[in-house]
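Note that these values count all heavy atoms, side chains included, but never hydrogens, waters or copies made by symmetry. Order of the sequence lines fixes the chain letters, A, B, ..., with proteins taken first and strands second; residue numbering starts at 1 for each chain.
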Protein chains: 2
Amino acid sequence: MVTSNELTITDVAKASGVSVSTVSRILNGKQDVAKATREHVLQVIDELGYAPHAQAQSLRAGKTRNLGLLFPLKDPGNVPYNSLDIEFIVSAAAAAEKQNFFFSLLTASVTEQSLLNLYRSAQIDGLVLMQVYSEDWRVDLLRKNGYPFVMIGHTENNEGLSFIDLDFKGAVIAAFEHLIRQGYRQIAFISLPNKMRQEGYGPALRTWEGYQRIIEQYHIPAIYREVNFGRQEAFDATLALLDEVHDLSAIITTHADGALSIIQALNERGMRIPDDCSVIALTANRMAELTTPTLTNLDFPAHDMGDRAVDMLLRMLRNELTEPEQVLIPPKLILRNSTNL
Amino acid sequence: MVTSNELTITDVAKASGVSVSTVSRILNGKQDVAKATREHVLQVIDELGYAPHAQAQSLRAGKTRNLGLLFPLKDPGNVPYNSLDIEFIVSAAAAAEKQNFFFSLLTASVTEQSLLNLYRSAQIDGLVLMQVYSEDWRVDLLRKNGYPFVMIGHTENNEGLSFIDLDFKGAVIAAFEHLIRQGYRQIAFISLPNKMRQEGYGPALRTWEGYQRIIEQYHIPAIYREVNFGRQEAFDATLALLDEVHDLSAIITTHADGALSIIQALNERGMRIPDDCSVIALTANRMAELTTPTLTNLDFPAHDMGDRAVDMLLRMLRNELTEPEQVLIPPKLILRNSTNL
DNA sequence: TTGAAAGCGATACCAC
DNA sequence: GTGGTATCGCTTTCAA
C-alpha cells in the first residue's frame, strides 16, 4: 500500500497521463469522459490512495459542507447537562453525516461578532440553534442577515423561521389534567428557574403558561417552586414542599433529571411513590425507565428532534424549503410506575 | 450596520486604499505596518464587517484547524449512550474551541478508506479516538501513516502513542478490596458483555483481568454475569443472580448506567441497599449522586479526560510533544450510600 | 473527449 | 512600510 501524503489532483493527472481537468471531471462523476480513461484514472486514484482536498473544493464551490450546533456552556467544567442534551447533539451529528456534512459542536458562548463570523468566514453553511429564548438576539441577528439556520425551540415572532419544538405548554397541561381527572388536587409543580422565565427562556416561559392555565381553569391550589438546576436544589425544594403542604399527593416537574432528586427526597421522607405521592416528569424516556420506580413522563423525543432539525436545515440549504417549516410536537404522556393506574 | 455578504480581502483593500498584502499583514498582526495604516484598515474592516475566509486561510496554510472525535454509533436511533459519553464529547469540544479549533463530532462508523480520507482530504488535523480495542485496526492504520491522533483508551502495544485512560483493572480491584476488607465475600460482578471482551474492547478486557486477579488472590467465589447493554439486561441479570446466590451481599458493576437497573432489581426483590446488598458502580459522579440511594462509585473523570485528550492532541499538532504522553488515571473510590461505612 | 488557463480568498516572498 | 505576484488544490469555462 502506498502511504504517501499530500497527494494532489496534479499528481493523479501526471500518474495517469491525463490532464487535471479530466481527473476533476472523473472525480465529480461527469459523463463526458471516455470509459477507458475513467477506469484507468480511477484505478490510479485507488492505487495512490488519493482523496480530494476538501477545503480546496469548498473554496472553489463557495460552500463549506459544514454545519454547526450551538450548545453554549454557561459554566464549562460544571455543566448542567441533562439526559436530553446528548440525544440532541448525537442525533444532529448523525443526521448531518448521513448527508455528507461535517458537524461541529460549538460550546463557546457567542457574541454578535463571533456569530456573524461563523458565516462570514465560511466556517459553516448553516446553524442549529438550541436554548432559544422568546426574544433572542441571535435569532434576530441571523434573520436580519439572511443566514440559514433552524431552531430547536422557537421565539415569540417566528415569521419566516423554521423550527422544531416540543409543545411545552401542552405538555404541562396534559400532565396536570391526567392527575386532575383522577381526582388529585394537591399537586406541586417543580419548574425551571424563575430567572430563566424572566429572561424569556422558551420552555421556562411556556411551561409556566401551561401551569397558569391549569390553575385558573381547575381552581387547584398553586403549589409550586421554581428551582435552579442541581441535585441539591431540586432535593431541597421537594423537602420544603412536603413540609409546607402536608397532604401533597403528586409532583409534576419540568426538570429533566430533577425527577431523580425528587424521588430521593420522597424516599428520605419515607413517602411511597406513587401511593403517597405520584410523580410526573418531562424527561427522556431512557431516563424515565431507569429510575425506581420508573417514571411516568412526558415523551421528549430529543433524538428525533435533532434529526429533523438537521434535515430541515439541509433542505433549506438546498433551497428545497420554499416556505418556513414549523413543527410543534404534541404532548404525549407515557404511563409508568410513578403514577397510579 | 452593513450586512453585505461575501466580502473578501480585496474589498477591504480597495475600501481602505491599500494593497491586499497590507491588509493581510494587519489581519495577521505583523508588526511592519505603519500605525496609522493599521488603525485605518482595522476601522474599515470593522465598518464593513469583514471576516477572513477560513477555508482559504486553511488552504494556504496547509492546516485545517479542525479536530475530529470518533464516536461511532453502532445502532443510531437506539443508542446505548451512557452518562459518561456526553462528558467526553462536550469537554473535548470545549477544549478544542478554547484553542480556536473547530471540533467535529463523527458518529458514522469508519472504514479504512474513510478514516484515511479524513486526513488526506484535509478535513481534520488530528483525531481523538474513543472506544479503543486492545487490537485496533484504526490505531494501527493511523500509526502506520503517521497521522496525529490521541486515544481515550489504549491498546495492547502503545509504543509511540499518546493516550489518556482510566485504570480499569485497578478500579475493579479497588472496588472489590474495599468490600473484602470489610468482610464481604458473596460479591457479584456484573460486567460488560462477553462479546466485547472477546473482541478485545479495552475496558471489558481490563476490568475482567482485575476481576480474575481478585478471584485468585482472595479466593472469593466467582459470581458474575457478563451482560449486554440495556436496562432489561442488567435488571434480569441481577434477578437471576439473586435467585442463584441467596446470600449475595454486594454487587459491583462496570455498567455505567446499569447500576440504575440493578437498584431497580434489588428493590423489586425487597432488598435494602446497602443493608441487604451493597452496590458499587463504575459511573459518572453526576449519576452516582442522583440515584436512590446515592451510589458508591469509582470516580470516572470523563470531563477531565476529554479535556486533557484534546489538549494533548493540540500539543502534538504544535510539535510540543517530544515524546508520547501516556496517562493512566488511578482508581478512586467515592463512598456514598449504597455501601456501609 | 480532452487540455489549458482563469479564479476561488488568502499568505508570503521579493522588490521597491 | 508597502505593493505585486506566485501559490495552496480544485472546478469550470473555453478551445481544440
Side-chain angles (χ1 to χ4, degrees), chain A residues 4-42 44-45 48-66 100 117-125, chain B residues 4-42 44-45 48-66 100 117-125:
Chain A
S4 88
N5 281 333
E6 322 277 319
L7 282 173
T8 75
I9 197 173
T10 312
D11 298 317
V12 176
K14 281 190 189 135
S16 36
V18 298
S19 75
V20 180
S21 329
T22 300
V23 178
S24 175
R25 284 193 198 94
I26 293 169
L27 286 172
N28 293 283
K30 308 278 190 225
Q31 285 315 306
D32 52 353
V33 179
K35 196 170 169 212
T37 317
R38 157 170 285 116
E39 282 168 1
H40 175 226
V41 172
L42 283 176
V44 171
I45 286 177
L48 255 40
Y50 163 79
H53 194 288
Q55 313 249 9
Q57 287 182 311
S58 299
L59 177 57
R60 193 51 237 243
K63 311 208 157 309
T64 69
R65 299 197 72 77
N66 250 296
N100 272 311
N117 281 356
L118 286 174
Y119 292 89
R120 288 177 177 163
S121 67
Q123 313 215 60
I124 53 157
D125 290 336
Chain B
S4 89
N5 281 335
E6 320 278 319
L7 283 173
T8 74
I9 197 172
T10 312
D11 298 318
V12 176
K14 281 189 190 136
S16 37
V18 298
S19 74
V20 187
S21 326
T22 301
V23 178
S24 176
R25 282 192 200 97
I26 292 169
L27 286 171
N28 293 283
K30 308 276 191 228
Q31 284 316 305
D32 53 352
V33 179
K35 198 170 167 213
T37 317
R38 156 170 285 119
E39 282 168 1
H40 175 225
V41 171
L42 283 176
V44 171
I45 287 177
L48 255 39
Y50 162 80
H53 193 288
Q55 313 248 11
Q57 288 181 312
S58 299
L59 175 57
R60 193 48 238 243
K63 314 215 155 306
T64 70
R65 298 196 72 78
N66 250 297
N100 272 310
N117 281 355
L118 285 175
Y119 291 90
R120 287 178 177 163
S121 66
Q123 313 214 62
I124 52 155
D125 291 334

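Distance CG (L59(A)) to C1' (dT7(D)): 12 Å, rounded to an integer number of Å. Here the P atom of nucleotide dG9(D) and the NZ atom of K63(B) are 12 Å apart, to the nearest Å. For the pair H53(B) NE2 and dC8(D) P, the interatomic distance rounds to 19 Å; values are reported in whole Å. For the pair L27(A) CG and dG9(D) P, the computed distance is 15 Å after rounding to whole Å.
When atom types are taken as modelled, the side chain of S24(A) and the backbone of V20(A) share no donor-acceptor pair closer than 3.5 angstrom. Formation of a donor-acceptor pair under 3.5 Å by the S16(A) side chain with backbone atoms of V18(A) is not found in this model. Counting only distance, with no hydrogens or angles, the side chain of T64(B) and the backbone of A122(B) share no donor-acceptor pair below 3.5 Å. Side-chain atoms of R120(A) come within 3.5 Å of backbone N or O of G49(B) as a donor-acceptor pair. Here the side chain of Q31(A) pairs a donor or acceptor atom with the backbone of G29(A) at under 3.5 angstrom.
Bracketed by its first and final contacts, the part of DNA chain C lying under 4.0 Å from non-hydrogen atoms of chain A reaches from dT1(C) to dG9(C) in 5' to 3' order.
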- Query: Where do V12(A) and L27(A) land on the side-chain contact (heavy atoms from CB on, under 4.5 Å) test, with the steps shown first?
  - Reply: CA-CA 11 Å; V12(A) 176; L27(A) 286 172; over 6 Å; no
- Task: List the steps and the verdict of side-chain contact (heavy atoms from CB on, under 4.5 Å) for V44(B) and Y50(B).
- Result: CA-CA 9 Å; V44(B) 171; Y50(B) 162 80; over 6 Å; no
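Nearest heavy atoms, L59(A) versus H53(B): CD1-CE1, 3.9 Å. Taking all atoms of both residues into account, the shortest heavy-atom contact from L48(B) to L7(B) is O-CD1, 3.2 Å. Of all the heavy atoms in P52(A) and S121(B), the pair that sits closest is O-CB, 3.0 Å.
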Protein-nucleotides 12-15 of chain D N/O pairs closer than 3.5 Å?
none

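Note on S58(A): nothing from the nucleic acid sits closer than 4.0 angstrom, heavy atoms only.
Counting heavy atoms from C-beta outward, V33(B) and V41(B) have side chains that stay 4.5 Å or more apart.
Between Q31(B) and Q57(A), it is Q31(B) whose nearest contact on DNA chain D lies nearer the 5' terminus.
Comparing the helix axis at one end of the helix from dT1(C)-dA16(D) to dC16(C)-dG1(D) with that at the other, each defined from 5 consecutive pairs, gives an inter-axis angle of 40° (nearest 10°).
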